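The structure under discussion appears below in the form of C-alpha cells.
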Amino acid sequence: MKHNCLFQKEEINRGLLDFLDKSPVSFYAVSNMRQMLDAAGAERLLEGTRWELEPGGMYYVTRNDSALIAFRLPADGDANGSGTMAGFQIIASHCDSPFFKIKTNAQITSEKNYLTLNIEKYGGMICESWFDRPLSAAGRIVVRTPEGVETRLVCIDRDLLIIPHLAIHMNREVNDGYKINVQKDMMPLFAGVSADADAAQTADGAFLQLIAEEGGVRAQDILDTDLYLYSRVRGTMLGLHNEYLASGRLDDLQCAFASLKGFLAAEVGSSIAVHCVYDNEEVGSGSKQGAASTFLKDVLHRINAALGGDEETYQQRLVNSFVISADNAHAVHPNYTEKADPTNRPVLNGGIVIKYNASQKYTTDAVSGAIFREICEAAEVPVQTFWNRSDQTGGSTLGNISTSQVAVNSVDIGLPQLAMHSSYELTGAEDTVRLVKAAAIFYAASLESRGDGNYRLTMCE
Ligand code: ZN
C-alpha cells in the first residue's frame, strides 16, 4: 500500500461524508467518481471510440452517465508472474439509492394556494423517513440544442420541498402503525400560490422553470427529465468516540467510495484491477447500466481485445478472476436483537461482513469466502458473517445478477449498517477504513487457477 496516511479514519470518513453530500443521485455519484479518477491521472474512454490501452495505464468508462467502470492494467501488460493470463480483480457496487422520481407534468394545485409535486417510488424505501425534513430535486435534463440533443445534470442546491405529516390529532393511529399511500400521503409541498388566477397560471410551470434556470436553458428546450427527490439532511459523525457515521445513501455509496479509494491507493499488481459501479440495483438491475446488463462483460472483452487477446485468452482470464460484490449488510439492531440470526451477528465497527445464503442470493461459497478471508487477513482487517434467520427471507443484491453475465468466483460482502433504506442510515466509521484497506490489498493481488479447484493468491509486496 502506498501511504498509510490514506487509511486515517477521520480523513477517510470526512471524505466519504463530502462524497455523500455531493452525490444526491447516481448521476452525481458518477460525476464525483470521475473527478477523483481524473485527479489521479486516469484517462476517460468512450464506449463509441476505439480503445488503445497502455501497460500500467489507468482508464475509466461510463454508461448512461450513471454507471462507471475504472480499470488499471498491470505494468507488464498481459501475463502474471508465472506466465498464465492475468485475471480481473473486480469490486462491484452500486450508486443508486431508494428515493422518489418526479413525474412528468409534476405540478398539482391543491386548495388554490398549494403547489405539490407528483412523485413515484424508486426502490423500497422506508417512506416514514422522508416526512418532515427539507428535500430538494436533482437529476438530469435532456435539452434541444443547435448541435442536437444534450444531457445536463441539474441539482437544486437549496432546501426546496417538504412532505409534511398529518397532525397526530387527525391521525390518532400515527404511533400504532398505519399504511402509507404514496400517491395520497407523500406528494411534497413545493410552493404557495396566490388565489389570483393569473398568478396561478404563471405558477403552473414554476417547477420546470426552476429546473431550466438551474440547467442554464430555456424551459421550452427541455425535451425530457430524470429528476428525483433527495434529502437535504447532511451526513455526520456521531457517538461517544465519533465511531458512527449517519447519512443518506450509505447503501451503497459507502462501498462505492471505499472501493474507489482502495483502487486509487493500491500498488499496480500483476492482474487487471477493476472498480465497477452499477446503477439501478434498487429496482432489480435490469437496465443497460445495471448488473444484469452486459456493461461489465463488454468492458472486460474490450480490455482483453486491446491487449491482443482472443476468446480463448478471455476465458483463461475469467478463471483467474474474482469478483467482490460489495453492498451494505445488516448489523444486529440494539433494539431488535431477536431479528438477527442466532450465530451470525455482525455489529457496527466489527469488520467487513461476508454474506451467505443457501439459495445463492448471495454468491459466497466456501472457495470465494476463503479467498476473501485471505485478503482481509493480509489487510489486517476483521471479518464478520451474515446469514438471514432461517424463518426470514432477506434482500437481494447485485452479485448473483452480475455473475450471470460474467461467470467468475464471487463473494458477497458489505459494511454493517442499521436503518437500511431509510433516508438517513447509520454505519460504523472504522469499517469504511477497513474496506479501503482490503480493497487496496485485493486490487494489487493476483489469483491463479487452472479451474481444477486449486487457487494461488499472490499478494503484492
Ligand atoms: Zn445496496
Side-chain angles (χ1 to χ4, degrees), residues 1-3 6-7 30 32-47 49-63 67-81 84-93 95 255-278 295-309 313-314 316-318 320-326 375 378-379 402 406 408 410 435-448 457-461:
M1 283 183 259
K2 280 175 184 163
H3 310 291
L6 281 169
F7 305 112
V30 165
N32 291 321
M33 285 189 285
R34 282 183 52 191
Q35 282 180 27
M36 291 165 72
L37 286 156
D38 288 339
E43 183 185 326
R44 184 181 189 192
L45 302 169
L46 297 174
E47 286 195 288
T49 58
R50 176 169 285 277
W51 294 4
E52 311 280 355
L53 308 180
E54 299 289 333
M58 178 164 46
Y59 304 90
Y60 69 87
V61 59
T62 61
R63 184 174 282 185
L68 175 143
I69 295 177
F71 59 91
R72 184 164 40 214
L73 301 178
D76 58 358
D78 216 5
N80 68 22
T84 56
M85 296 310 299
F88 303 103
Q89 298 279 96
I90 302 162
I91 302 182
S93 55
C95 60
C255 284
F257 179 81
S259 164
L260 181 53
K261 292 292 269 188
F263 176 84
L264 295 173
E267 298 290 348
V268 179
S270 54
S271 56
I272 301 159
V274 182
H275 163 75
C276 171
V277 184
Y278 292 115
F295 187 30
L296 179 62
K297 181 166 76 176
D298 295 344
V299 170
L300 300 187
H301 263 111
R302 292 180 77 163
I303 296 171
N304 178 60
L307 292 174
T313 60
Y314 179 73
Q316 288 177 28
R317 285 188 202 285
L318 289 193
N320 292 330
S321 298
F322 195 82
V323 172
I324 296 176
S325 159
I375 297 282
S402 179
V406 180
V408 302
S410 176
L435 185 52
V436 178
K437 283 184 182 171
I441 291 285
F442 170 73
Y443 279 132
S446 58
L447 185 71
E448 274 181 68
L457 188 64
T458 309
M459 309 292 177
C460 207
E461 289 306 307

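These figures come from a predicted structure and were not determined experimentally.
Separating the CG atom in Leu45 from the CD1 atom in Ile69 is a distance of 11.0 Å, to the nearest 0.5 Å. Rounding to the nearest 0.5 Å places OG1 of Thr313 at 7.0 Å from CD of Gln316. Atoms CG and OH, from Leu260 and Tyr60 in turn, are 11.0 Å apart once rounded to the nearest 0.5 Å. In this structure, the separation between CD1 on Ile90 and CZ on Phe71 is 12.0 Å, given to the nearest 0.5 Å. Note: Ile375 CD1 to Lys437 NZ = 15.0 Å, rounded to the nearest 0.5 Å. Distance CG/Leu46 to CZ/Arg63: 13.0 Å, rounded to 0.5 Å.
Using a 4.5 Å heavy-atom cutoff, the side chains of Ile272 and Arg317 are in contact. In this structure the side chain of Ser93 reaches within 4.5 angstrom of the side chain of Val277, judged on heavy atoms. Put simply, the side chain of Leu264 reaches to within 4.5 Å of the side chain of Leu37, judged on heavy atoms. Inter-residue side-chain proximity for Ile303 and Tyr59 is flagged as unmet; no heavy-atom pair is nearer than 4.5 Å. Taking the side chain as every heavy atom from C-beta outward, His275 and Arg72 never approach each other to under 4.5 Å. Side-chain atoms of Met85 and Leu307, non-hydrogen and from C-beta on, never get closer than 4.5 Å to each other. Looking only at side-chain heavy atoms (C-beta outward), Leu300 and Val274 come within less than 4.5 Å of each other. Looking only at side-chain heavy atoms (C-beta outward), Leu435 and Phe257 stay at 4.5 Å or farther from each other.
Leu447 and Ser321 get closest at one heavy-atom pair: CD2-O, 3.7 Å. The two residues Val61 and Phe295 come nearest to each other via the heavy atoms O-CZ, 3.9 Å. Scanning both residues, Arg302 and Thr49, for their nearest heavy atoms gives NH2-O, 2.9 Å. In this structure, Ile91 and Ala439 approach most closely via the heavy-atom pair CD1-CB, 3.6 Å. The nearest pair of heavy atoms linking Ala440 to Ala266 is O-CB, 3.4 Å.
Ser271 and Asn320 share no donor-acceptor pair across their side chains, judged by distance under 3.5 Å alone. Between Arg44 and Thr62, the side chains place a donor N or O and an acceptor N or O closer than 3.5 Å (distance only, hydrogens not considered).
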Quiz item: Are Ser270 and Thr458 close enough, and set up right, to give a side-chain contact (heavy atoms from CB on, under 4.5 Å), and what steps lead you there?
Solution: CA-CA 9 Å; Ser270 54; Thr458 309; over 6 Å; no
Quiz prompt | Verdict with supporting geometry, Ile441 and Met459, side-chain contact (heavy atoms from CB on, under 4.5 Å) | solution = CA-CA 7 Å; Ile441 291 285; Met459 309 292 177; 3.9 Å; yes
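Phe263 and Tyr443 have perpendicular rings, their planes meeting at more than 60° on a 0 to 90° scale where under 30° would count as parallel.
Enclosure of atom CD in Glu47 by more than 12 non-hydrogen atoms of other residues, nucleotides or ligands within 6.0 angstrom is indicated.
No side-chain donor-acceptor contact under 3.5 Å links Glu267 to the backbone of Ala444.
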